[in-house]
Amino acid sequence: MTENQPPAAYDAVVLAGGAARRLGGADKPAVRVGGRPLLDRVLAACADARTTVVVAGPRPTARPVTWAREDPPGGGPLAALDAGLRHVTAEDVVLLSADLPFLDGRTVTALLGTLRRGTADGVLLTDSDGRDQPLVAAYRTPSLRRELAALSAAHGGTAGLPLRRLTGALDLLRISDPVASFDCDTWDDIATARARIREHGHVLDEWISAVKDELGIDLDVDTGVLLDLARDAAHGVARPAAPLTTFLVGFAAARAGGDADAVADAARKAVALANRWAEEDTRDATPAAPSSGTEPETRTDAG
């Protein structure tokens with residue numbers, strides 16, 4: 001792949017079924033962490049997939065997906081994967097569970113990049129205890145189909161078979177990532193995830209991501225530019241100028257096409273204006289004294 005070529009397409013399969021017994025039977029994909037359902041958080045991480053297949057009963061989601069269902073329902077992760085793969089056409093597929101609150105696009109990119117640089121059948125994450133997490137992984141689609149067909153032929157189907165029967169037959173690479181591999185199996189896990197997202201180092205990015213999902217905005221903007229603009233407007237003009245100015249910048253950017261460059265251009269102009277405003281306030285406003293040392297004649301009959 002050259003610098004100017006787009007990355008190779010991939011598909012994603014998200015397993016969102018299961019009984020969630022350790023959550024008391026709660027609808028785990030709908031549990032909110034950082035203001036967003038767990039399922040929507042995972043869908044955001046694989047937003048650039050060509051096709052995203054969610055294996056579960058249909059529900060509202062922040063992004064469009066293709067729905068699939070294992071046969072019979074509740075047949076386990078291997079049967080769910082089999083059902084999802086029927087909608088996959090890309091040579092590479094990312095397989096994810098729907099309960100990964102800290103997964104992001106960088107992790108998905110790292111998995112795919114490692115897979116494509118080598119010859120292994122798949123690349124998966126390991127958790128903080130070094131355990132394999134086969135539902136946070138990228139695989140070669142033909143390898144999955146080959147092993148699923150072999151298991152189905154040997155057992156008369158895939159329902160009820162554990163996922164390790166498939167992964168044990170594959171050549172896999174591993175990446176250690178205790179954060180991205182963190183999954184939410186219990187209410188204590190949910191509480192841990194919610195607390196971490198509200199930590200100072202994470203809360204702003206999490207909030208911006210949640211707002212974009214809520215508003216249906218798929219735009220990667222430099223939040224540092226907007227924060228600097230808000231600071232300059234607040235300090236150089238007045239505190240209420242910060243939210244009003246950032247709103248006006250967003251409005252202007254939308255009229256100019258609504259992409260990241262439009263946001264940056266509108267923000268640049270507003271920052272320059274705020275700086276000029278502040279300079280006027282601090283500049284010495286006293287007129288310069290006349291150079292002659294005498295007062296100019298101002299009588300109407302002078303001269």
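On a predicted model such as this, the values are computed, not experimentally measured, just so you know. Residue indices begin at 1 and follow the sequence shown. The figures here come from the full heavy-atom set of this structure, side chains too, leaving out hydrogens, waters and symmetry mates.
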If two hydrophobic side chains count as joined below 4.5 Å and joins carry through other members, does [X] share a cluster with [Y]?
| X | Y | result |
| --- | --- | --- |
| Leu172 | Val13 | yes |
| Ile175 | Val94 | yes |
| Leu161 | Val55 | yes |
| Tyr139 | Leu173 | no |
| Val93 | Leu135 | yes |

Can you find a pair of side-chain heavy atoms, one from [X] and one from [Y], that are under 4.5 Å apart?
| X | Y | value |
| --- | --- | --- |
| Lys269 | Leu229 | no |
| Asp177 | Phe102 | no |
| Phe182 | Arg196 | no |
| Leu39 | Arg59 | yes |
| Leu38 | Pro101 | yes |

Keeping the roles fixed (side chain from [X], backbone from [Y]), state whether a donor-acceptor pair exists under 3.5 Å.
| X | Y | result |
| --- | --- | --- |
| Arg41 | Val33 | yes |
| Asp232 | Val271 | no |
| Asp121 | Asp171 | yes |
| Asp127 | Ser181 | no |
| Arg145 | Leu85 | yes |
| Thr109 | Gly105 | yes |
| Asp189 | Thr186 | yes |
| Arg140 | Leu115 | yes |
| Arg198 | Arg194 | yes |
| Glu70 | Gly74 | yes |

Pairwise distance [atom1]([X]) to [atom2]([Y]) - rounded to 0.5 angstrom:
| X | Y | atom1 | atom2 | result |
| --- | --- | --- | --- | --- |
| Asp11 | Thr89 | CG | OG1 | 4.5 Å |
| Leu151 | Arg146 | CG | CZ | 11.0 Å |
| Leu112 | Cys46 | CG | SG | 10.0 Å |
| Trp67 | Thr52 | CH2 | OG1 | 11.0 Å |

Looking only at heavy atoms, what is the nearest atom pair of [X] and [Y], with distance?
| X | Y | value |
| --- | --- | --- |
| Glu147 | Ala169 | OE1-CB, 3.4 Å |
| Ala180 | Leu125 | CB-CD1, 3.8 Å |
| Ala44 | Arg63 | CA-NE, 3.5 Å |
| Gly75 | Ala79 | O-CB, 3.8 Å |
| Ala9 | Ala90 | O-CB, 4.0 Å |
| Arg86 | Asp82 | CG-O, 3.3 Å |

Worksheet item: Do NZ/NE/NH1/NH2 and the carboxylate oxygens of Asp40 and Arg32 come within less than 4.0 Å?
Response: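 Arg32 and Asp40: not salt-bridged.
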Worksheet item: Does Arg50 CZ have over 12 foreign heavy atoms under 6.0 Å away?
Response: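 More than 12 within 6.0 Å, yes.
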Item to complete: Test side-chain contact (heavy atoms from CB on, under 4.5 Å) on Val88 and Thr51 and set out the steps.
Response: CA-CA 7 Å; Val88 166; Thr51 299; over 6 Å; no
Practice prompt. Going by the side chain to side chain donor-acceptor pair (under 3.5 Å) test, name the single residue among Asp92, Asp48, Thr141 that passes it with Tyr10.
Written response: Asp48
Worksheet item: Among Asp99, Leu96, Val108, whose side-chain contact (heavy atoms from CB on, under 4.5 Å) with Val42 holds?
Response: Leu96
Worksheet item: Checking side-chain contact (heavy atoms from CB on, under 4.5 Å) for the pair Leu124/Leu95: CA distance, chi angles, key distance, verdict?
Response: CA-CA 9 Å; Leu124 53 77; Leu95 177 61; over 6 Å; no
Item to complete: Would you please test Thr61 and Leu43 for side-chain contact (heavy atoms from CB on, under 4.5 Å) and show each step?
Response: CA-CA 9 Å; Thr61 55; Leu43 294 179; 3.9 Å; yes
Item to complete: Walk me through it: do Leu78 and Leu166 pass the test side-chain contact (heavy atoms from CB on, under 4.5 Å)?
Response: CA-CA 8 Å; Leu78 204 59; Leu166 180 143; 3.7 Å; yes
Worksheet item: Under the side chain to side chain donor-acceptor pair (under 3.5 Å) criterion, do Thr107 and Asp104 qualify, and how do the steps go?
Response: CA-CA 6 Å; Thr107 302; Asp104 59 24; 3.2 Å; yes
